[in-house]
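Comments concern the structure below.
Residue numbers begin at 1 in each chain, while the letters A, B, ... track the order of the sequences. Quick caveat: nothing in here was measured; it's all calculated off a predicted structure.
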Amino acid sequence: MKHEIPDRAPATIADDLLTWFDRHGRHDLPWQHPRTPYRVWVAEIMLQQTQVTTVIDYFQAFMARFPDVETLAAAPSDDVMAHWAGLGYYARARNLHAAAQQVVGEYDGVFPRDVETLMTLPGIGRSTAGAVVAQAFGIWAPILDGNAKRVIARLAGITAAPGSAAYEKPLWQLAERYTPHERVTDYTQAIMDLGATLCTRRRPNCPACPLAATCVACIDGLQVDIPAPRKKRARPQRETTMLVIEDEAGRLLLEKRPPTGIWGGLWSLPEIEAGADIAEVCRERFGIEAAPGSALAPIEHGFTHFLLTLHARRVQYRRTVRIMDGDFAWYRRDERPGLPAPIVRLLDSPQLKLNL
DNA sequence: AAATCGGGGAC
DNA sequence: GTCCCAGATTT
């Protein structure tokens, strides 16, 4: 299998891109001022599969609470997760925390300056490592995030399906070739900015693009074909049941979810199997005597891969029979940990707000 | 190579 | 409603 890589005069591409970036690029993102390795790294992790506008507020709050890698490494896991609640992809937060502890423990709190070493940290792949190296240290390294992929694929006319080797391999090759040795920090920001603002997935603004003259997709009118659209897949429907239990002091029983799977590592309402004996579960799992109460209106939540119907069931707390060991705890209303968005909606819904 | 993991912005 | 985003990790 051979891939034809057109030579698009790399130096010219970088020059044109940088000239455009100086006028039209994004120069005041929070992680650019100050642009420390720690801030760049946290931003890069947050920006995985999450758009800039969503990340900004989370980033500011995260930096206020965890201003440096030592603070993050020493922080309780629940605190880190709470600051991630609502961002999604919670494995990112657990990896971030573990990586911080690794940087402090193994590298004395100083971030490695090379792609290879950075990639040994959990949650850092080739593109994120490249971004940290280029943006935080100004050292040459290619990046290949979603924006760069789209820009380069169109530029070179790569029509292979995203995810295939025929797509990924040439893109990395071209990413290396285009990345200049001068102004590598600005270049990596520039190619992402171009993808985010001009070379968008739908209706790219080719007339305003500094690379249009040598772009295969633009010249051949292939903008809608590159990148090739993904196959759509039917989203299965799933159901789950959760319990709303408050004790005599009005505190809410929450349970920490297992580290993998949906909402991994996040606190949530206790989940039970459909048809389970609620009183028995309460006794065995939580050591409380309780009776099933009314069912609340089901909550619908759409994930990328499936649709979830959440059946919440009120439970009447009587008394604590036995102190149990487990990943659950009673939380007051005003000290809630980070919770999944649909759970927050449920707890703040009018039907519960009255009594909770 | 394909599946998993999630929330929200944009349309 | 649909699509997809500054992807990494597991299978």
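Each of A:N95 and A:D145 was matched to the nucleotide of DNA chain C holding its nearest heavy atom; the match closer to the 5' end belongs to A:D145. Between A:Q51 and A:I124, the residue anchored closer to the 5' end of DNA chain C is A:Q51, taking for each the nucleotide with the nearest heavy atom.
At a threshold of 4.0 angstrom between heavy atoms, the contacts of A:Y89 include nucleobase atoms, whether or not backbone atoms are also involved. At the heavy-atom level, A:R94 lies nowhere under 4.0 Å from the strands shown. Nucleic acid contact for A:P122: sugar-phosphate only, since backbone atoms but no base atoms lie under 4.0 Å from a heavy atom of the residue. Within the 4.0 angstrom heavy-atom criterion, no nucleotide atom of any strand lies near A:I191. Across all strands, A:E168 comes closer than 4.0 Å to no nucleic acid atom at all (heavy-atom distances).
Under the 3.5 Å distance criterion, with hydrogens and angles disregarded, no donor-acceptor pair is assigned to the side chains of A:D16 and A:T19. Between the side chains of A:N95 and A:R92, no donor-acceptor pair of N or O atoms lies under 3.5 Å. Side-chain polar atoms of A:Q135 and A:T185 form no donor-acceptor pair below 3.5 angstrom.
Atom CG in A:L308 sits roughly 15 Å away from atom P in B:dT4 (whole-Å rounding). Computed from coordinates, the A:W41 CH2 to C:dA8 P distance equals 14 Å when rounded to whole Å. Whole-Å rounding puts the A:Q49 CD to C:dC3 C1' distance at 13 Å. Going from atom CZ of A:R238 over to atom C1' of B:dG6 covers 12 Å, rounded to whole Å. Counting to the nearest Å, the C1' atom of B:dG8 and the CZ atom of A:R345 are 11 Å from each other.
Taking 4.0 angstrom as the limit, A:Y90 places a side-chain polar atom (N or O) nearer than this to OP1 or OP2 of B:dG7. A:K232 has no side-chain polar atom (N or O) that falls below the 4.0 Å cut-off from OP1 or OP2 of C:dT2. Remark: A:T260 is not in phosphate contact with B:dT4, judged by side-chain N or O atoms under 4.0 Å from OP1 or OP2. Dashed line: the shortest gap from a side-chain N or O of A:W263 to OP1 or OP2 of B:dG7 is under 4.0 Å. Side-chain nitrogen and oxygen atoms of A:R202 include none within less than 4.0 Å of the OP1 or OP2 phosphate oxygen of C:dT2. In this structure, A:R150 reaches the C:dC5 phosphate: one of its side-chain N or O atoms is under 4.0 Å from OP1 or OP2.
In this structure, of C:dA6, C:dT2, C:dC5, it is C:dC5 that holds the atom nearest to the side chain of A:R230. Of the candidates B:dG8, C:dA6, B:dG6, B:dG8 carries the atom nearest the A:A341 side chain, counting heavy atoms from C-beta on. Listed candidates were C:dA6, B:dG6, B:dA3. Nearest to the side chain of A:R233 is B:dA3. Of the candidate nucleotides B:dG8, C:dA6, C:dA8, C:dA6 has the atom lying nearest to any side-chain atom of A:M192.
Under the 30°/60° scheme for interplanar angles, the aromatic rings of A:H27 and A:F21 are found to be tilted.
Between the side chain of A:T50 and the base of B:dG8, no donor-acceptor pair of N or O atoms lies under 3.5 Å. Contact of A:T304 with B:dG6 (side chain to base): a donor-acceptor pair of N or O atoms is detected under 3.5 Å.
Environment of CG in A:D325: sparse, with no more than 12 heavy atoms of neighbouring residues, nucleotides or ligands closer than 6.0 Å.
Taking atom P on both nucleotides, C:dA8 is separated from B:dG8 by 22 Å, rounded to a whole Å. Rounded to a whole angstrom, the distance from the C1' atom of B:dC5 to that of C:dC5 is 14 Å. Nucleotides C:dT11 and B:dG6, compared at atom P, are 16 Å apart to the nearest Å.
Ring centers of A:W263 and A:F303: under 6.0 Å apart, within the cut-off.
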